[in-house]
Protein chains: 2
Amino acid sequence: MPRQVDHDQRRRQIAEAVWRLATCGGLEDVTLRQVAAEAGVSARLLQYYFGTRDQLLLGALEILNDDAERRARERLAMLGEAPGMHAVVRGVLLELLPLDAERRNRHLVYAAYFVRFLADPALAEVARAAPHALENLVAGLIAQGQELGQVSRDIDAAAEAAFLVAGADGIQATVLLGQRTPEEAVVLVDHQLARVFTAAIGG
Amino acid sequence: MPRQVDHDQRRRQIAEAVWRLATCGGLEDVTLRQVAAEAGVSARLLQYYFGTRDQLLLGALEILNDDAERRARERLAMLGEAPGMHAVVRGVLLELLPLDAERRNRHLVYAAYFVRFLADPALAEVARAAPHALENLVAGLIAQGQELGQVSRDIDAAAEAAFLVAGADGIQATVLLGQRTPEEAVVLVDHQLARVFTAAIGG
DNA sequence: ATTTTTATGGTGCGATCGAACCATAACACC
DNA sequence: GGTGTTATGGTTCGATCGCACCATAAAAAT
């Protein structure tokens with residue numbers, strides 16, 4: 001059935017236009033007419049595929065989230081088999097940094113949506129799940145590292161995971177603002193990881 | 001001269017209306033008419049005191065920054081004389097957390113402006129200075145702590161300062177999103193501080 | 001072959017936006 | 001007591017917004 005594919009491709013084409021506009025001028029620049037022009041379709045099509053403007057913003061965010069999760073899984077799979085706790089945690093944290101255009105734009109879009117997350121319940125639900133799941137994932141990996149002797153028993157896995165994720169998130173913002181290069185950001189993350197994991201970086 | 005006072009009070013009154021609207025719906029809700037209604041003045045007055053809408057957004061941000069710096073100095077001064085490195089660093093980091101309505105609203109406004117920081121050069125300049133200055137301040141305090149024997153010589157002051165500030169910034173976001181209570185945020189920051197500073201919290 | 005569904009473009013309407021413009025009290029200055 | 005300057009309200013205009021509505025070609029279903 002090529003129909004569902006076409007349908008999803010159209011939605012993606014429109015969603016990408018939303019992202020581009022949001023990264024440049026925030027959500028206030030994401031007007032139906034501008035999105036239509038950016039996507040190269042008629043404004044009527046936005047209504048057809050998404051409905052109202054709020055639903056368009058919500059839909060574009062859902063597609064972005066799906067992309068983020070899929071790409072993260074791909075990159076983690078590229079670490080090879082049995083990658084080791086250190087490498088996996090590193091991979092998760094690096095996913096939060098704007099190391100390439102794709103991740104940079106993704107986090108810019110999240111920033112544009114941020115304030116709306118607090119007011120709009122529908123958006124809040126979409127954004128609520130991800131960060132907490134990330135922390136738990138990292139906490140679990142650190143705890144596993146403790147059982148394998150790669151991490152000291154002295155450290156609090158949950159507290160350390162929360163601060164690592166939060167730190168990566170904060171460093172992300174500084175990179176987006178141009179106050180730090182992506183390379184410097186990676187060095188900072190690795191510095192903290194080296195403290196938590198006794199083994200060296202190269203697995 | 002009561003005139004300058006009146007002038008600044010009017011600007012502040014209008015700026016506060018901008019902040020309130022920005023925290024609720026982002027910058028797209030900050031329309032001239034809405035700001036005028038929220039501030040209880042006529043729309044004409046916004047033009048009189050700020051000019052165009054862009055200048056209004058810029059002016060409101062400058063007033064917010066002045067407030068932030070002044071309040072931070074006040075709170076740091078409240079630590080008493082000779083507060084110790086640990087307490088000062090803690091005070092700086094806690095200033096980044098939304099521990100009360102004032103700081104919460106302040107960081108919400110920053111979040112609403114964030115994307116625009118990247119596109120608008122005038123706004124970028126206002127936002128560029130603060131974070132880097134904070135990191136350098138914390139790095140200097142940690143280095144002082146090393147000379148006083150309160151901090152181990154093994155740690156990298158600059159790298160640790162950067163990650164502490166970034167971590168506090170990331171934790172701030174989780175608190176704003178309601179994923180963590182302010183109390184939990186303080187615990188997380190203190191956990192990291194206790195690692196860096198060998199002495200106990202209570203100075 | 002006809003009828004329904006899908007996919008697309010265009011147009012128009014009421015509301016709102018930013019900003020320029022006009023009017024005028026209140027006060028300052030000489 | 002004129003005479004500017006400051007501080008304020010109101011009105012209006014062209015542009016744009018979100019969106020409802022209408023038309024229709026292509027495809028699917030019957």
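Every chain is numbered from 1 and lettered A, B, ... according to where its sequence line falls, protein lines coming before strand lines.
B:Ser42 has no side-chain polar atom (N or O) that falls below the 4.0 Å cut-off from OP1 or OP2 of D:dG10. An OP1 or OP2 oxygen of D:dT16 is reached within less than 4.0 angstrom by no side-chain nitrogen or oxygen of A:Thr31. For D:dA7, one of the phosphate oxygens OP1 or OP2 lies less than 4.0 angstrom from a side-chain nitrogen or oxygen of B:Tyr48.
One atom, CZ of A:Arg33, and another, P of D:dA15, lie 13 Å apart when rounded to the nearest Å. The CG atom of B:Leu32 sits 18 Å away from the P atom of D:dT11 (whole-angstrom rounding). One atom, CG of B:Asp6, and another, P of C:dA26, lie 16 Å apart when rounded to the nearest Å. Taking atom CG on A:Asp54 and atom P on D:dC19, their separation rounds to 7 Å, with Å as the unit. The interatomic distance linking B:Leu56 (CG) with C:dC17 (C1') rounds to 14 Å, in whole Å. Atom pair A:Gln47:CD and C:dG10:C1' shows a separation of 11 Å (rounding to whole Å applied). D:dT6 atom C1' lies 11 Å from atom CG of B:Leu45, rounded to whole Å. One can place CD of A:Glu28 at 14 Å from C1' of D:dT16, the figure rounded to the nearest angstrom.
Defined by atom type and a distance below 3.5 Å, a donor-acceptor pair is present between the side-chain atoms of A:Gln192 and B:Glu160. No side-chain N or O of A:Gln9 forms a donor-acceptor pair with one of A:Arg12 less than 3.5 Å apart.
Of the candidates B:Arg11, B:Glu16, B:Arg10, B:Arg10 is the only one forming a side chain to side chain donor-acceptor pair (under 3.5 Å) with B:Gln13.
The closest side-chain heavy-atom distance from A:Gln150 to A:Gln144 is not below 4.5 Å. With a 4.5 Å cut-off on side-chain heavy atoms, B:Tyr113 and B:Leu57 count as touching.
Residues A:Arg106 and A:Asp67 are not paired through a salt bridge, judged by the lack of any N-O separation under 4.0 Å between the basic side chain and the carboxylate.
Side chain of B:Glu184 to main chain of B:Thr181: a donor-acceptor pair is present (N/O by atom type, distance under 3.5 Å, no hydrogens or angles).
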Both distances under 3.5 Å, Watson-Crick or G-U wobble: on that basis, could you give the dot-bracket string for DNA chain C, with [ ] for crossing pairs and | for other-strand partners? ||||||||||||||||||||||||||||||
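Contact annotation: side chain of B:Arg44 to base of D:dG9, donor-acceptor pair present below 3.5 Å.
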